[in-house]
**Q** 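Right, I'll just put the structure down here and ask away after.
Just so it is clear: chains get the letters A, B, ... in the order the sequence lines come, proteins before strands, and each one is counted from 1.
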Amino acid sequence: MRIIKASDVTEAIKKMAMDSCHYLNSEVTQAIRKAKNDETSPLGKIILQELLDNANIARNELIPYCQDTGLAVVFVEMGQEVEIQGGLLSHAIDEGVRQGYDEGYLRKSVCDPLTRKNTGDNTPAIIHLSLVEGDKLKLMLAAKGGGSENMSSVVMLKPADGIEGIKKYVIRKCFEAGGNPCPPIIIGVGIGGNLEYAALLAKKALLLPLAHRNPDPVLARMEEEILEEVNKSGHGPMGLGGRNFALAVKIMKAPCHIASLPLALNIDCHAHRHKEMIL
Amino acid sequence: MTRELEITTPLSQEAVEAIYSGDRLFINGVIYTARDAAHARLIKLLNQGEELPVQLAGQIIFYAGPSPARPGKPIGAIGPTTSYRMDPYTPRLLEEGLKGMIGKGPRGKEVRDALMKFKGVYCVATGGAAALLSKCVKKADIVAFDDLGPEAIRRLEVERLPVICVNDIFGNDLYETARMEFAVKSGYC
């Protein structure tokens, strides 16, 4: 067994929480720069330039580039030969969130769903744990904003709906979302599994690098077609017109019941706060 | 080409009438933050016939909950949250004399109608440009509902806060017109 200290997990989560909110992902920065260069709407160009300037200010002054510093979603891939010592893994993760959101001057955006009382320290994190081979611990943090999450959904399609039905649903929901989720957006799609697994796949798809090429040619084609279609809509940056409504579409799929075709759409804003570390 | 306009709060009737959908506005003066929880409390106070902690006549509400300020800074990151969540409360506040709102995303029909009826404008700021927007905030003080944390009502003094007018008092909606215009220009329809 390989021993990993709970305090090391806390440190890693804390660092990822702060870094993901202060430093805009370099892939996203590049994608926004590219979008700005080929944007034909004057207002769209202004908006995309604002996002680039904004990222520079945030980086230089260590202030969050978006005031919504998200709900911390942590994916853990734990090698079966790893033993966590010095505390519970979930406590170590929450402690990292607590410290990172405090010391990084990040907003605490977590509350009771009914009383709406803020928990005060941005905990609890939402943790997805999977066991894998080996003696490493991989931590992936996605600090998800509320505005784009609100535009996400799960639907149980009929098997007869097929690929066309999937595309139609995703495109329709993106159009309905319009300017709400802070476009340019990144579109995560989960196909198959069941109700909760489709949603998880959609969120996992958002963890893929923007440049990741889908190895499944059918899914790769669907990604291209959806991206082209949503950008043709003219919604553009912030929904105020233009050709850059979405930066990327990422799809993951899993086998499902013969009666079902579960589909989940998880929209992410351009902030796209993601970090990963391997301990 | 986008028209640019400097405005200063509080807004007079004439100032509001001069603003058109599509204008890029630079706001100077005092504005107030309020989002979901603060709106619910404002409406509750109005329904109970009580006085509001801020006078809304001629004012602008920014739908925003900032991140904490670092020592020596007036405010942390501040940017717009999605506006439709405030739709159920907005007509009542416009009736109280509120003249402007800053958020992101389209508004419902009741709000668009109320903007025409009570003469107010709805503007958007660039979502996710909160470090940039924070530079326009020179002073920030919590003036109500301190217990709401990021959702407390703050009085902000701003200089040249950049926003875009989406809904003017004449019934125009930039979310509709901008997309149409783009689609026509691009030959998509």
Side-chain angles (χ1 to χ4, degrees), chain A residues 21-22 24 40-44 46-47 50-51 53-69 101-102 104-109 111 116-118 120 145-148 150-151 177-183 232-243 269-271, chain B residues 1-2 4 22 24 33 36-37 40 64-71 73 75-85 103-107 124-135 147-151 162 164 166 174-189:
Chain A
C21 292
H22 293 149
L24 183 65
T40 50
S41 147
L43 196 51
I46 291 175
I47 289 166
E50 279 186 347
L51 295 181
D53 295 343
N54 180 63
N56 279 333
I57 295 170
R59 174 177 300 274
N60 293 334
E61 301 190 16
L62 291 186
I63 45 177
Y65 48 83
C66 180
Q67 79 289 340
D68 185 351
T69 49
Y101 276 71
D102 179 38
Y105 291 87
L106 310 181
R107 197 179 74 181
K108 287 77 186 171
S109 311
C111 70
R116 310 306 294 177
K117 187 173 161 45
N118 200 299
S148 55
N150 281 347
M151 295 295 119
N180 290 317
C182 283
K232 255 171 48 175
S233 68
H235 280 90
M238 285 298 134
L240 293 172
R243 52 160 56 160
C269 59
H270 54 76
Chain B
M1 203 53 219
T2 311
E4 296 192 348
R24 192 155 190 253
T33 66
D36 310 64
S67 64
R70 282 192 184 267
K73 301 273 183 186
I75 202 153
I78 183 162
T81 194
T82 319
S83 307
Y84 73 87
R85 298 195 314 268
K104 67 179 168 83
R107 307 306 299 262
V124 296
T126 299
L132 182 87
L133 295 171
S134 77
K135 292 287 165 193
D147 61 301
L148 293 179
E151 298 205 62
I164 297 154
V166 166
L174 189 64
Y175 282 117
E176 292 299 323
T177 51
R179 192 173 75 238
M180 286 302 166
E181 200 176 298
F182 180 84
V184 171
K185 265 190 198 156
S186 311
Y188 291 143
C189 70

**Q** Just give me the residue among Ala77(B), Ala40(B), Ser134(B) that pairs up with chain A most often, heavy atom to heavy atom, under 4.5 Å.
**A** Ala77(B)

**Q** Looking at Ala130(B), Pro162(B), Ala178(B), Gly76(B), which makes the most heavy-atom pairs under 4.5 Å with chain A?
**A**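 Top option by heavy-atom pairs under 4.5 Å: Ala130(B).
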
**Q** Lys117(A) versus chain B, heavy atoms under 4.5 Å apart: side chain, backbone, both or neither?
**A** neither

**Q** Measure Ala69(B) against the heavy atoms of chain A and call it side chain, backbone, both or neither at under 4.5 Å.
**A** backbone

**Q** Name the region of Ala58(A), side chain, backbone, both or neither, that has any atom closer than 4.5 Å to a heavy atom of chain B.
**A** both

**Q** Looking at Lys73(B) and Glu61(A), does any basic side-chain N land under 4.0 Å from a carboxylate oxygen?
**A**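 Salt bridge present between Lys73(B) and Glu61(A).
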
**Q** Any side-chain to backbone donor/acceptor pair from Asn180(A) onto Thr82(B)? Under 3.5 Å, distance only.
**A** no

**Q** Heavy-atom pairs under 4.5 Å with chain A: which of Pro80(B), Gly22(B), Gly65(B), Ala37(B) has the most?
**A** Gly65(B)

**Q** Check for a donor-acceptor pair, side chain of Thr69(A) on one end and backbone N or O of Arg107(A) on the other, with a separation under 3.5 Å.
**A**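 Such a contact is found between Thr69(A) side chain and Arg107(A) backbone.
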
**Q** Need one label for Leu24(A): side chain, backbone, both or neither, based on atoms under 4.5 Å from any heavy atom in chain B.
**A**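 For Leu24(A), no heavy atom lies under 4.5 Å from chain B.
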
**Q** Highest number of heavy-atom pairs under 4.5 Å with chain B: which of Cys111(A), Gly241(A), Gly242(A), Pro183(A)?
**A**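 Highest number of pairs under 4.5 Å: Gly242(A).
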
**Q** Counting distance only, does the side-chain N/O of Arg70(B) pair as donor-acceptor with the main-chain N or O of Leu62(A) below 3.5 Å?
**A** yes

**Q** Taking side chain as everything from C-beta outward and backbone as N, CA, C, O, which of these in Leu148(B) sits under 4.5 Å from a heavy atom of chain A? Side chain, backbone, both or neither.
**A**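 For Leu148(B), no heavy atom lies under 4.5 Å from chain A.
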
**Q** What part of Asp68(A) gets closer than 4.5 Å to chain B, counting heavy atoms only: side chain, backbone, both or neither?
**A**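 Answer is neither: Asp68(A) stays 4.5 Å or more from chain B.
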
**Q** Need one label for Leu106(A): side chain, backbone, both or neither, based on atoms under 4.5 Å from any heavy atom in chain B.
**A**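 The backbone, not the side chain.
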
**Q** May I ask you to decide if Ser109(A)'s main-chain N or O and Tyr101(A)'s side chain share a donor-acceptor pair within less than 3.5 Å?
**A** no

**Q** Between Gly103(B), Ser83(B), Pro71(B), which shows the greatest number of heavy-atom pairs under 4.5 Å with chain A?
**A**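 The answer is Pro71(B).
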
**Q** Could you tell me which portion of Pro106(B) (side chain, backbone, both or neither) has an atom closer than 4.5 angstrom to a non-hydrogen atom of chain A?
**A** both

**Q** Could you check if a side-chain atom of Leu51(A) sits within less than 4.5 angstrom of a side-chain atom of Tyr65(A), using non-hydrogen atoms only?
**A**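 The answer is no; the side chains never approach within 4.5 Å.
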
**Q** Is the shortest distance from a Lys or Arg side-chain nitrogen in Arg24(B) or Glu50(A) to a carboxylate oxygen in the other one below 4.0 Å?
**A** yes

**Q** Restricting to non-hydrogen atoms, name the atom on Pro181(A) and the atom on Cys269(A) that form the minimum distance, rounded to 0.1 Å.
**A** O-CB, 3.3 Å

**Q** With a 4.5 angstrom heavy-atom cut-off, which part of His270(A) approaches chain B: side chain, backbone, both or neither?
**A** side chain

**Q** Contact between Ile78(B) and Thr33(B) at the side-chain level, heavy atoms closer than 4.5 Å - yes or no?
**A**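 Yes, at least one pair of side-chain atoms sits under 4.5 Å.
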
